[in-house]
Visitor: 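Dropping a structure here in structure tokens format, bear with me for questions.
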Amino acid sequence: MNNSKVICIGEALVDRLGTPGGNPALDKDFDDLLGGAPANVACGLSKLGVDVAFLGSLGNDSIGKEFCDLFTSLGINISGIQLNDELPTRIVLVHRDIKGERSFGGFVGGPNNSFADQKLNLQKIKSIWPSLSKGASWVLLGTIPFASESSRQAVTWVLENARKNNLNIAIDLNWRPTFWDSSLDPDSPPNFETCSFLKPFLEQASLLKLAKEEALWFFNNDNPIDIAESLSNRPSVIVTDGAQPIRWLLGAFSGETKAISSPTSVVDTTGAGDSFTAGIIAQLSTHSFYPRNKLEAEKIIRFAAACGALVCRGKGAIDPQPSSSDVEKLLASLEEDMI
């Protein structure tokens, strides 16, 4: 296995998609699709030609095997995958409205609402970390692993070692309240204690990607420059807002870029943000992190926006993910339309 440029750490799970306008907990017809933000990003990066590894805990069940087979087929390094014999892989209920926009419901499949992704084992990570991290330049994660004690300890150790070895750390804030407390409404904002708890981890980011509502919840501000200046590491910051313009700070350059619409009718928006993140990391790993000028920075954002748009053309977060040639074709067609 070639050395991986990017290590994606966190949850791999199943998104159970109900029919548009329906309820996946009650519908007889639904689609079970592999997902989970770090897993989605890992697959997206691989399809964009980036060497990537996935580090996470899965149930030793049919879903876990399906993930291992998928990752292997995409050339993703799976030496960091842990298989749990006691807890299953998580299934997330995903509601879709008639326009394809999704919202998260509860979970199914786990005893007492416990799942394998919550039990990432630190000792197992320590045993494979030297070989896994050799040649890596990025670690990518979200905030969901911090919601459980075992995974929190493991991810904290990974971040400490990533910083010691000068790896770039990308954090997609990805606030999902039901992972912290299953009784919460999926649209619940974080409370003060959670914001304060997560802030030290966000301080370690080289790149922070978050949605506008997350920016307002955690920083009371959606200006990327202001958010970066509030963090000691002064990271690059990208703030997305659905179909609204993307606001960004990449290295020394900042700007606002129009979002790109899907080239076909939107089937499902699940994973659009993860595909966007994969596009950003793929571009930054090519450009040795910092863009040399504002035009180059804008091209990086446009590439990522096209990745996000293309994933909306099919069901689920992984199957519709684009290749680099798919992205370049879409961007070329948009440039032709502007002439």
Side-chain angles (χ1 to χ4, degrees), residues 1 3-13 35-42 45 52-61 63-64 67-68 71 76-90 92 107 110 112-176 178-181 194 197-208 233 274 277 281:
M1 177 64 67
N3 291 334
S4 303
K5 281 189 176 181
V6 183
I7 301 169
C8 296
I9 178 171
E11 68 279 3
L13 46 79
N40 295 340
V41 175
L45 283 166
V52 60
F54 182 78
L55 178 58
S57 179
L58 293 160
N60 191 8
D61 49 29
I63 299 173
F67 263 113
C68 290
F71 289 152
I76 295 171
N77 184 338
I78 63 170
S79 62
I81 287 183
Q82 304 173 10
L83 295 177
N84 191 305
D85 291 325
E86 298 178 358
L87 296 173
T89 308
R90 190 188 302 257
V92 181
F107 311 118
N112 300 316
N113 218 37
S114 296
F115 300 91
D117 60 87
Q118 299 168 301
K119 299 296 182 180
L120 197 54
N121 185 290
L122 176 56
Q123 295 308 313
K124 290 181 180 179
I125 292 177
K126 288 181 177 180
S127 68
I128 55 93
W129 183 253
S131 59
L132 188 71
S133 61
K134 185 179 180 180
S137 55
W138 284 90
V139 169
L140 177 284
L141 70 153
T143 58
I144 287 175
F146 297 111
S148 58
E149 180 63 28
S150 176
S151 292
R152 182 187 311 150
Q153 291 179 0
V155 172
T156 299
W157 185 90
V158 168
L159 291 179
E160 290 173 352
N161 280 267
R163 294 194 70 181
K164 287 179 183 177
N165 291 283
N166 298 314
L167 274 64
N168 296 304
I169 296 170
I171 297 179
D172 181 351
L173 206 151
N174 197 31
W175 170 246
R176 297 288 180 262
T178 50
F179 283 79
W180 294 76
D181 183 345
T194 302
F197 169 74
L198 287 174
K199 186 74 177 292
F201 298 105
L202 303 183
E203 292 274 4
Q204 300 179 56
S206 310
L207 170 70
L208 177 62
N233 209 33
D274 301 328
T277 300
I281 301 300

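For the single chain, residues carry numbers from 1 onward in sequence order.
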Visitor: With a 4.5 Å cut-off on side-chain heavy atoms, are K119 and Q82 touching?
Guide: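 Contact flag for Q82/K119 side chains = no.
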Visitor: Quick check: does any side chain N or O of N60 sit under 3.5 Å from a backbone N or O of L83, one acting as donor and the other as acceptor?
Guide: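 Not at all, since once roles are kept as given, no pair shorter than 3.5 Å links the two residues.
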Visitor: Enter the distance from I171:CD1 to T143:OG1 here, rounded to the nearest 0.5 Å.
Guide: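 So the CD1 of I171 and the OG1 of T143 are separated by 8.5 Å.
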Visitor: Looking at every non-hydrogen atom in both residues, tell me the closest pair between S151 and P145 and how far apart they are.
Guide: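 What the structure gives for the nearest pair is CB-O, 3.4 Å.
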Visitor: Among D61, L58, D117, I63, which residue satisfies the side chain to side chain contact (heavy atoms under 4.5 Å, CB included) criterion with P88?
Guide: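 Among D61, L58, D117, I63, the one meeting side chain to side chain contact (heavy atoms under 4.5 Å, CB included) with P88 is D61.
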Visitor: Show the atom names and distances, to 0.1 Å, of all donor-acceptor pairs under 3.5 Å that link a side chain in residues 120-130 to residues at least two apart or in another chain.
Guide:
| residue | atom | partner | partner atom | Å |
| --- | --- | --- | --- | --- |
| N121 | OD1 | Q123 | N | 3.0 |
| N121 | OD1 | K124 | N | 3.0 |
| S127 | OG | K124 | O | 2.7 |

Visitor: After noting the C-alpha distance and the side-chain angles of N161 and S133, does the key distance pass the side chain to side chain contact (heavy atoms under 4.5 Å, CB included) rule?
Guide: CA-CA 10 Å; N161 280 267; S133 61; over 6 Å; no
Visitor: Any side-chain heavy atom of W175 sitting closer than 4.5 Å to one from T194?
Guide: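 A side-chain contact under 4.5 Å exists here.
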Visitor: Run the side chain to side chain contact (heavy atoms under 4.5 Å, CB included) check on N168 and L207 step by step: do they pass?
Guide: CA-CA 8 Å; N168 296 304; L207 170 70; over 6 Å; no
Visitor: To the nearest 0.5 Å, what is the distance between SG on C8 and CG on N77?
Guide: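 Reported to 0.5 Å precision, the distance equals 11.5 Å.
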Visitor: Does E86 CD have over 12 foreign heavy atoms under 6.0 Å away?
Guide: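 Counting other residues, nucleotides and ligands, CD of E86 stays at 12 neighbours or fewer.
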Visitor: Write down the atom of Q118, the atom of S150, and the distance for their closest heavy-atom approach.
Guide: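 Closest pair (atom of Q118, atom of S150, distance): O-CB, 3.6 Å.
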Visitor: Taking all heavy atoms of R176 and all of I144, pick out the closest pair and write down the distance.
Guide: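 Shortest heavy-atom separation between R176 and I144 comes out as CG-CD1, 3.9 Å.
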Visitor: If I take atom CZ from residue F107 and atom OG1 from residue T178, how far apart are they, to the nearest 0.5 angstrom?
Guide: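 The distance works out to 3.5 Å.
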Visitor: What heavy-atom pair brings F54 and A12 nearest, and what distance separates the two atoms?
Guide: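 Minimum heavy-atom contact is CZ-CB, 3.8 Å.
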Visitor: For side chain to side chain contact (heavy atoms under 4.5 Å, CB included), just list the numbers for F67 and I81, CA-CA rounded to whole Å, side-chain angles, deciding distance to a tenth of an Å, and then say yes or no.
Guide: CA-CA 10 Å; F67 263 113; I81 287 183; 5.7 Å; no
Visitor: Can you name the closest pair of heavy atoms from I7 and A136 and give their distance?
Guide: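 Taking I7 first and A136 second, the nearest heavy atoms are CD1-CB, 4.0 Å.
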Visitor: Has the side chain of T89 got a donor or acceptor atom that lies under 3.5 Å from a matching backbone atom of G59?
Guide: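 Checking the backbone N and O of G59 against the side chain of T89, a donor-acceptor pair under 3.5 Å is found.
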Visitor: Any chance you could measure L159, atom CG, to I169, atom CD1, to the nearest 0.5 Å?
Guide: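 L159 CG to I169 CD1: 5.0 Å, rounded to 0.5 Å.
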Visitor: Is any side-chain heavy atom of F201 closer than 4.5 Å to one of L141?
Guide: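 Not touching, per the 4.5 Å side-chain cut-off.
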Visitor: For N112 and S114, test the side chains for any donor-to-acceptor distance below 3.5 angstrom and give the result as yes or no.
Guide: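 No.
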Visitor: For N165 and L167, indicate whether the former's side chain and the latter's backbone hold a donor-acceptor pair under 3.5 Å.
Guide: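 Looks like no, no N/O pair under 3.5 Å.
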Visitor: Heavy atoms only: give me the nearest I281-A170 pair and the separation to one decimal.
Guide: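 Closest approach of I281 to A170: CD1-CB, 3.7 Å.
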Visitor: Evaluate the criterion side chain to side chain contact (heavy atoms under 4.5 Å, CB included) for residue pair V92 and F115; output intermediate values, then yes/no.
Guide: CA-CA 11 Å; V92 181; F115 300 91; over 6 Å; no
Visitor: Within a strict 4.5 Å, meaning less than it, do heavy atoms of the V139 and Q204 side chains meet?
Guide: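 Result no, sub-4.5 Å side-chain heavy-atom pair not found.
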Visitor: Is there a side-chain contact between I9 and P38, using heavy atoms and a 4.5 Å cut-off?
Guide: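 Not in contact.
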Visitor: Which class fits the ring pair F146 and F197: parallel under 30°, tilted 30 to 60°, perpendicular over 60°?
Guide: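 Ring orientation of F146 relative to F197: perpendicular.
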Visitor: Hey, are the side chains of D274 and N174 touching, using non-hydrogen atoms and a 4.5 Å cut-off?
Guide: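 D274 vs N174: side chains apart.
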Visitor: Classify the side-chain pair S57/N84 by whether it contains a donor and acceptor separated by less than 3.5 Å.
Guide: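 No, no side-chain donor-acceptor contact under 3.5 Å.
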